[in-house]
Amino acid sequence: MNVARVIVDIPAKQIDKPFDYLIPKELESVITKGMRVVVPFGPRKIQGFVTDIQAESSFKQLKEIIEPMDLNPVLNDELLSLGDWLSDETLCYKISAYQVMLPAALKAKYEKLIVRGTKQLPEELDALFSGKDTLQWDEAVKRGYLNVLQKEAAKGHVEVIYRVKAKVNKKKLKHVAPMLTKEELVKVSNLLPPQASKQKQVIDFFIQATQSIELRQLIEKLHVSSATVKGLVEKGVLVEKNVEVYRDPYENREFEKTEALSLTDQQKKAIAPILTSIEEVKHETFLLYGVTGSGKTEVYLQSIQRVIEKGKEAIVLVPEISLTPQMVKRFKGRFGNEVAVLHSGLSAGEKYDEWRKIQRKEVKVVVGARSAIFAPFENLGIIIIDEEHETSYKQEENPRYHARDVAIKRGKTHHCPVVLGSATPSLETFARAQKGVYSLLPLSIRMNNQALPKVDIVDMREELRDGNRSMFSKLLLEKINDRLEKKEQIVLFLNKRGHSSFVMCRDCGYVMNCPNCDISLTYHRFNQQMKCHYCGYETLVPKQCPDCRSEHIRYFGTGTQKVEEELGKVIPHAKVIRMDVDTTSKKGSHERLLNDFQEGKADILLGTQMIAKGLDFPNITLVGVLSADTMLHLPDFRSSEKTFQLLTQVSGRAGRHEKEGEVVIQTYTPEHYSVDLAREQDYNEFFQKEMLIRKTHKYPPYYYVCLITINHEDLLKVVSTTEKITNYVKSRLSNESIVLGPVSSPIPRIKNRYRYQCLIKYKREPELGKVLKTVLDHYQQETASNGLQISVDVNPFILM
Ligand code: ADP
Ligand code: ZN
Ligand code: ZN
């Protein structure tokens, strides 16, 4: 068994297959499946993944593997085959599929070290470390110690770590551990003279504990001095060690322990089939369909509890945006240190630490955003996706996977339940639940038996007709003032998506566009700049219209800053906390702002999408939506669905507790069913209506869609290529399928590149994958040589 099959790190068509390499004699016991290795490839040295080990190869004259990059495999068998699946499903290269499953810190630009633990190592290794606790990887390789090191790694005595170069951010604590056995310690203790009572105390502690403890803790605990401990170290009774600690972002926080609540009848009914699935080790996908506040999270927690009792593990996905401290607290509160948390707010090092906890089986639960679906658990007992309708579960770059699909795939492999939770499920999911593909578990009653908040819709066109030019309707202002008087709190929500503050000339109508992208520039008040959100182009706000020289050039639209300013004018005495990308970019600021609001340091919380979820404060009795329909006009077949979901979510923020809540939605299109039905929070009715529209227009869930986008600097080239691709695809698919294009993309130009697209709608096309692969293969040469870009998005969420 000395032939390794290796997928090398070159994302290119001809290379997207395993290459055979010879494992050199001295590495035969080191190299295993799932490890990363360095191999020669042409004149280069590159890295790759070992996907298999075989006895022989059909090729002659194999090159040898140069060295391993890991001591333990980074991908287990399941993840390796999941990678293959991912590459088939999303049409990405295998190497990209493997890489997306690993934390970023495991990439080449990181310094690689071997770290020793507190255990005694064989003498030769001890010498190699020569008193230090880290060792350069290259040094160990050069001196031929990989075999020995791997044995120790398997026992957990040493470990390979990656450290971001030039940034020494490892964290170490001084620990002390006994050098002697228990019996020897007892002997030493008995021999100590009576005046050494403090030393005796320390030794007695280690007779009980027998393991290492942080020096500072020991001193505090026993009320001894560091000199006492030092004395024992000098005598060779104890040893001091620097122990690397995880950079746990939640480390200084105590999470109050919570116990399982006694479930309501409804919750019992909902959880029963999940527990059965866990008990019978049978995969099933559930849709836990319950309004906000109906107790879904408690159902998750108790299902996980059962999984842990069975000795298995759980993955919980929550949208990035709602991965708030409040959310984390609920899981840490119930399961304490068994929980790892993965989200984008963590540094690469922190993420890697959390990932290692999973890999070393030190935790049982991971709570994280999209990529946590690849957590390297080997004994999964449940996968939960909260707010399953959230679009952030779809990755918008290669590999363009949807976490829900990956979850179900892994659920099947592990024979475990997958629970999708939402108050406003995606149409696809709800349709599947109706057809019985997923099991529907409804939770219809809110825990506090509160009715859903009363919702008023205000037609802003009428406000305008009545002479109200402000961004607040009379009704909303009235209600805000009323709450201020009652000392209750208000949330104001600005739907920013697809809506920005742009600059327009009032005389000639000139709108400032980005010179590289066909899209208007966004006004940033704070530094008086205009910015392109696609390419980053920046310029100062002009004082005159570039077109007609008029000085009546103004910005339009509403950003959170503008709203804050306006609020200051109409209600100067209200204290406002603004939450948007600008005020929350610093680490921890998100949390601090929310805390301030919870503690009543402000009356009004003003923000974007960011505040739509997860807020659960008792004193919020009014929610105002300033502009409900800005998203409705986007060229996206899901825009009604997204509007409905968002409005329903936001409304759910009011009246979660004893005090009754009210919602005011301001809109220019009150008659639109997604606004109207959000008012009644009538998901079922919305589902019926929207399904009809999807059916008529042949969109999901009736049809699958697939989007091919082509871009290049040369417009003619783009058009002709798109035309060729469209024709080819048409010729290869059945008559039942619809191929639309070539057509210019909704954003026709980004960064000076023209964009055209072809949209495929189909019901059943078993050959589609092959057809698309052929297209990509065909243009491989051109994409490599002259910068033509072709992207294929199977089940796209962004159609721009
Ligand atoms: P959801 O996740 O559906 O929004 P939660 O699980 O957050 O709902 O529940 C809403 C509130 O009700 C929370 O404060 C939660 O602690 C409480 N709760 C949930 N289940 C129970 C129960 N069985 N008994 C008492 N309180 C509960
Ligand atoms: Zn002008
Ligand atoms: Zn631009």
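Predicted, not measured: the structure shown is a model, and the values here were computed from it. Whatever order the structure lists ligands and atoms in, that order sets their numbers, starting from 1. Index from 1, following the sequence.
With salt bridges taken as basic N to acidic carboxylate O contacts below 4.0 Å, none links Asp482 and Lys479. By the 4.0 Å N-to-carboxylate-O rule, Arg334 lies close enough to Glu298 to be salt-bridged with it. Of the charged side-chain nitrogens involved, at least one lies within less than 4.0 Å of a carboxylate oxygen, so that Lys394 and Asp793 count as a salt-bridged pair. Salt bridge status for Lys361 with Glu313: absent, with no side-chain N to carboxylate O gap under 4.0 Å.
With a 4.0 Å cut-off on non-hydrogen atoms, Gln266 does not touch ligand 1 at all.
Between Ser294 and ligand 1 there is a heavy-atom distance shorter than 4.0 Å. Within the 4.0 Å heavy-atom shell around ligand 1 one does not find Leu301.
Annotation: Tyr703 is not in aromatic contact with Phe637 [ring centroid separation under 6.0 Å not met]. Here the two rings, on Phe430 and Tyr289, have centers that are under 6.0 Å apart.
Listed by number with element, the atoms of ligand 1 under 4.0 angstrom from any heavy atom of Ser262 are 22 (C), 23 (N), 24 (N). Numbered from 1 in the order shown, with element, the atoms of ligand 1 that lie under 4.0 Å from a heavy atom of Lys296 read 1 (P), 2 (O), 3 (O), 6 (O), 8 (O). Here is the list of ligand 1 atoms found below 4.0 Å of a heavy atom in Leu263: 23 (N). Close approach of ligand 1 to Val291 is summarised as follows: ligand atoms under 4.0 Å from at least one heavy atom of the residue are 3 (O). Applying the 4.0 Å criterion to heavy atoms of Glu298 picks out, from ligand 1, the atoms 6 (O), 19 (C), 20 (N).
Taking any N or O of Leu261, backbone or side chain, none lies under 3.5 Å from an N or O belonging to ligand 1.
Across Ala423, Gly421, Gly295, heavy-atom proximity to atom 8 (O) of ligand 1 is greatest for Gly295.
When atom types are taken as modelled, the side chain of His283 and the backbone of Cys416 share a donor-acceptor pair closer than 3.5 angstrom.
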